[in-house]
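Reviewing the structure listed below.
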Amino acid sequence: MLRSSNINSVLNELPDPSAQSSSSSNGNLKQDAETCCSSKDQDIMGSLAALQLSAGVLQIAEPPLEHVRGQLRELIGRQNKIYIDLSKEKYKLDCSEVAKLNDMMSDVKRYKEKLTKIKKEMQGVYQRTKELKL
C-alpha cells in the first residue's frame, strides 16, 4: 500500500516552480544546467510518482473489486439458471396451450356435427307435422 510518507517524499523532491523563475532571472549558467537536468529528472520523478500512485490505488481498490466481481459472477449464474427454468416452464405452458387449443378445435368440430344433425332432425319433424296438419 502506498504510504503518505512516499507521496510526501516524491512531492518534496519535485522542484518548486518559483525556483525556476528565479534561476532564469539570475542568468546563472550553472543554475540553467541544473534546471535542464532537473526537468528530465522531473519527468522521471513524475512518472515514478504516477506509477506509485496508480499502484497504491490498485492495492486499495483491487480486493473489493475482486469480491464484487465474484458476486457478479454468482449473480449472473443464478440469473441464467432462473432464465432456463422460466424458459422450460414457458415451453410447457405453450405445449399445454397448444394441446388445449387442439382439444377445443376437435370439440368445435364435434359440436358442429351434432348441431347439423339436430337441425336435420328438426326439419324432418317440421315436415311431418306440416303433412299431418293437411
Side-chain angles (χ1 to χ4, degrees):
M1 188 166 157
L2 189 63
R3 296 183 187 148
S4 61
S5 61
N6 291 345
I7 293 173
N8 291 333
S9 65
V10 169
L11 293 176
N12 290 336
E13 290 178 9
L14 293 176
D16 189 20
S18 62
Q20 289 179 354
S21 64
S22 66
S23 67
S24 62
S25 65
N26 290 338
N28 192 352
L29 292 176
K30 183 178 179 185
Q31 287 179 347
D32 287 341
E34 287 177 4
T35 41
C36 175
C37 294
S38 67
S39 68
K40 289 180 184 177
D41 290 340
Q42 285 178 359
D43 291 341
I44 292 171
M45 293 305 290
S47 64
L48 178 63
L51 287 174
Q52 287 178 341
L53 286 172
S54 62
V57 168
L58 281 175
Q59 286 177 351
I60 291 169
E62 193 170 19
L65 288 176
E66 286 298 322
H67 180 69
V68 169
R69 186 177 288 134
Q71 287 178 333
L72 282 174
R73 284 185 186 132
E74 182 180 342
L75 178 65
I76 289 170
R78 288 180 181 173
Q79 284 178 339
N80 287 337
K81 185 180 181 302
I82 290 172
Y83 175 76
I84 290 169
D85 291 345
L86 287 174
S87 296
K88 287 178 183 177
E89 288 298 318
K90 182 181 179 290
Y91 179 75
K92 288 178 186 176
L93 288 175
D94 288 345
C95 290
S96 68
E97 290 295 321
V98 168
K100 286 180 184 178
L101 183 63
N102 287 334
D103 290 343
M104 287 173 58
M105 293 303 287
S106 64
D107 287 345
V108 166
K109 185 178 178 181
R110 186 168 31 107
Y111 290 141
K112 185 179 178 184
E113 289 172 357
K114 283 184 178 182
L115 184 62
T116 55
K117 185 177 178 183
I118 292 172
K119 188 176 178 182
K120 285 180 184 177
E121 286 179 18
M122 292 287 288
Q123 285 178 348
V125 169
Y126 174 73
Q127 288 296 330
R128 281 184 272 163
T129 54
K130 188 177 173 184
E131 287 176 9
L132 286 174
K133 285 183 181 179
L134 292 175

Salt bridge (Lys or Arg N to Asp or Glu O under 4.0 Å) filter on Glu121, not counting sequence neighbours, yields none
With sequence neighbours left out, the residues meeting side chain to side chain donor-acceptor pair (under 3.5 Å) with Gln123 are none
Interatomic distance, CE@Met104 vs CD@Glu97, rounded to 0.5 Å, equals 9.5 Å
Residues pairing under salt bridge (charged side-chain N to carboxylate O under 4.0 Å, His left out) where one sits in residues 62-72, two or more places apart or in two chains, turn out to be Glu66-Arg69
Under a side-chain separation threshold of 4.5 Å, the hydrophobic residues clustered together with Leu58 are none
So the side chain to side chain donor-acceptor pair (under 3.5 Å) pairs with at least one residue in residues 124-134 (sequence neighbours excluded) are none
Residues at least two apart in sequence or cross-chain that pass side-chain contact (heavy atoms from CB on, under 4.5 Å) with Asp94, listed by chain then number, are Lys90
Taken in chain and number order and not counting sequence neighbours, the residues that satisfy salt bridge (Lys or Arg N to Asp or Glu O under 4.0 Å) with Lys117 are none
Rounding to 0.5 Å, atoms CG (Leu72) and CD (Gln79) come to a distance of 9.5 Å
For Lys120, the salt bridge (Lys or Arg N to Asp or Glu O under 4.0 Å) test, sequence neighbours excluded, returns none
So CG of Leu75 and CZ of Arg78: to nearest 0.5 Å the spacing works out to 7.5 Å
For Arg110, is the CZ atom crowded, meaning more than 12 foreign heavy atoms sit under 6.0 Å from it?
yes
Sequence neighbours excluded, the answer for side-chain contact (heavy atoms from CB on, under 4.5 Å) partners of Tyr83 is Ser87
Grouping ILVMFWY residues whenever side-chain heavy atoms fall under 4.5 Å, the cluster of Leu86 otherwise contains Ile82
By side chain to side chain donor-acceptor pair (under 3.5 Å), Asp85 pairs with (sequence neighbours left out) Lys81
Residues passing the salt bridge (Lys or Arg N to Asp or Glu O under 4.0 Å) test with Arg73, sequence neighbours excluded, are none
So CD of Gln59 and OG of Ser54: to nearest 0.5 Å the spacing works out to 10.0 Å
In this structure, NZ of Lys114 is separated from CG of Asp107 (nearest 0.5 Å) by 9.5 Å
